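A short write-up of the structure that comes next.
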Amino acid sequence: MSTSCIQFRQHLEALLEGKPNPQSLTALGWHDHLLNCGACRELLEQEEALEHLLASLPDPNLPPDLSRKVLLRLRQAEPLAPSALRESALETLLSKDEVEVPAGLAARVRAGVAAARLEGRLDALLEQALVVDVPQGLSQRIRAGLGEQRELAYSSVPMHGARPVGKPDRSGLRLKLAAALLIGASGVALWRGLVQQETEGPDPLLAEGPSASPSRPEADEEVIDHLSELLYWESIESLDPVARDLLSELDLVDEALLDTALEAEGS
Amino acid sequence: MPTPAEYDQDPGVKLMLAWQAGDEGAFDEIVERYSGRVYSLLTRFLGQHPGREDLVQETFLRIVRARDRYKPTARFTTWLYRIVFNLSVNETERSARRPQLSLDRPPGQEESGPMEVQDARDPDPAGRLETGDVVRAVRCAIAALPENQRMAVVLAKFDDLSYAEIGRVLDSSEKAVKSLIHRARETLRVQLAHFLEEDLL
């Protein structure tokens with residue numbers, strides 16, 4: 001093969017990358033080298049024809065509702081995925097080194113907690129949700145802790161705009177976890193309340209088998225959003241001395257109960 | 001971890017990062033946006049394999065399991081196609097070890113694919129070629145290519161990936177991809193010689 005053949009074929013290969021422009025290939029047919037080289041002319045013609053054949057292949061027909069079916073089957077195949085994913089979100093939130101307070105977060109958190117408090121259903125919901133006995137007055141202590149301590153925190157922290165927070169030290173980890181457990185319990189209660197408002201049927205968290213997965217996506221999403229915001233907020237607040245006071249009031253029974261509440265959420 | 005600026009605007013990367021940060025709806029959007037592309041790629045790579053929908057599901061299952069450790073070090077489709085390629089190769093190896101029986105096609109309605117033995121050099125001798133014959137023969141010739149060559153050709157010709165991106169999917173250098181495609185074209189020219197002559201007439 002001559003040098004000019006090699007150069008011509010390199011030129012041809014460069015044009016064939018991706019989806020070549022047919023006009024470029026046609027223009028190459030006027031290359032001087034082809035006047036004296038039948039082999040390269042034949043190669044060019046074959047490559048053009050091959051491009052034409054490849055381009056003539058129709059797009060594959062997609063099965064109807066493919067993405068919906070995939071999502072459905074994924075949820076059936078991985079019944080633990082939602083809780084696993086939620087746990088991972090919790091981890092992500094707790095492990096953030098630097099966080100900013102989203103605009104309007106304080107108002108939304110206050111509204112969510114106030115709604116739960118006003119409806120006065122925390123004790124009843126906790127009793128239904130958990131397999132262990134609910135200590136007398138637990139929900140009251142949770143409400144008091146959430147409400148009063150937040151009020152204090154809000155009054156001492158400016159709420160407008162974003163607030164960068166420094167990297168937390170290891171000693172804050174347990175506090176953050178405890179805060180997350182506390183918020184998890186109220187989140188479960190809120191979730192259950194929303195579901196029960198919408199359905200008269202048995203509690204999906206207490207049902208058994210694969211169908212026990214939450215089947216009220218709107219309620220689920222609403223509370224997960226709310227819970228995520230609370231967690232986000234609490235992970236910041238745990239660095240505050242005010243939050244340390246709140247958590248020092250928790251006794252071992254409370255912590256065990258809150259732990260179970262998170263397990264119930266995961267089931 | 002900061003996202004490399006070059007992938008910041010990649011829609012798939014944005015969705016993955018949103019999902020990783022807790023936006024559950026982002027995963028649904030990933031499935032809606034990319035399941036068709038995964039299915040098309042599988043069809044082009046495996047032919048009319050009866051388990052393509054299962055493989056689409058398996059692809060997204062792997063994404064679910066990789067959620068926590070995902071890092072945007074490439075375009076999302078590069079990562080996605082790499083998963084598809086690995087699954088496809090595994091499936092090809094599994095298929096080679098077991099007799100093939102398609103459960104979703106009645107007899108007489110077969111379409112060409114790697115599971116069906118057909119020689120693209122031996123088209124219907126009875127008369128002029130029909131469009132269906134050509135399509136079937138081209139698919140068959142592609143399906144007969146070695147796996148790396150086949151995926152390289154499919155990604156280059158049908159998914160518009162650059163050689164560098166194909167290299168990331170196949171874990172090869174750009175130069176190696178160029179060589180793969182060169183050899184694949186040589187094989188296709190031989191396998192489809194009859195059709196190329198038809199096309200030239």
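Residue numbering restarts at 1 for every chain, and letters A, B, ... go by the order of the sequence lines. Worth saying up front: this structure is predicted, and the values here are computed from it rather than measured.
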By a 4.5 Å heavy-atom criterion (distance strictly below it), what part of A:Asn61 contacts chain B: side chain, backbone, both, or neither? backbone
Please look at B:Glu53 and chain A and tell me whether the side chain, the backbone, both or neither of the residue comes under 4.5 angstrom of a heavy atom of that chain. both
Flag side-chain contact, heavy atom, 4.5 Å: A:Arg73 against B:Asp54: yes
Need one label for B:Leu161: side chain, backbone, both or neither, based on atoms under 4.5 Å from any heavy atom in chain A. neither
Nearest heavy-atom pair of A:Leu50 and B:Leu196: which atoms, and what distance? N-CD2, 3.3 Å
Closest non-hydrogen atom pair, B:Ser35 against A:Ser67: OG-CB, 3.3 Å
Tell me, out of B:Asp160, B:Ile181, B:Thr43, who's got the most heavy-atom pairs with chain A below 4.5 Å. B:Asp160
Sub-4.5 Å side-chain heavy-atom contact between A:Glu17 and B:Lys178: no
What distance separates A:Glu13 CD from B:His182 NE2, expressed to the nearest 0.5 Å? 5.0 Å
Do A:Gln46 side-chain atoms and B:Arg189 backbone N/O form a donor-acceptor pair below 3.5 Å? no
What pair of heavy atoms forms the shortest contact from A:Val70 to B:Gln57, and how long is it? CG1-CA, 4.3 Å
Residue part contacting chain A, namely of B:Tyr34, when any heavy atom lies under 4.5 Å: neither
CG on A:Leu66 to CD on B:Glu32, rounded to 0.5 Å: 11.0 Å
Residue pair A:Pro58 / B:Arg44: nearest heavy atoms and the distance that separates them: O-NH2, 4.2 Å
Could you go through A:Leu71 and B:Phe27, starting from their C-alpha distance and side-chain angles, then the distance that decides it, and tell me whether this counts as side chain to side chain contact (heavy atoms under 4.5 Å, CB included)? CA-CA 9 Å; A:Leu71 281 169; B:Phe27 180 69; 4.0 Å; yes
To the nearest 0.5 Å, tell me how far B:Leu188 CG sits from A:Leu54 CG. 6.5 Å
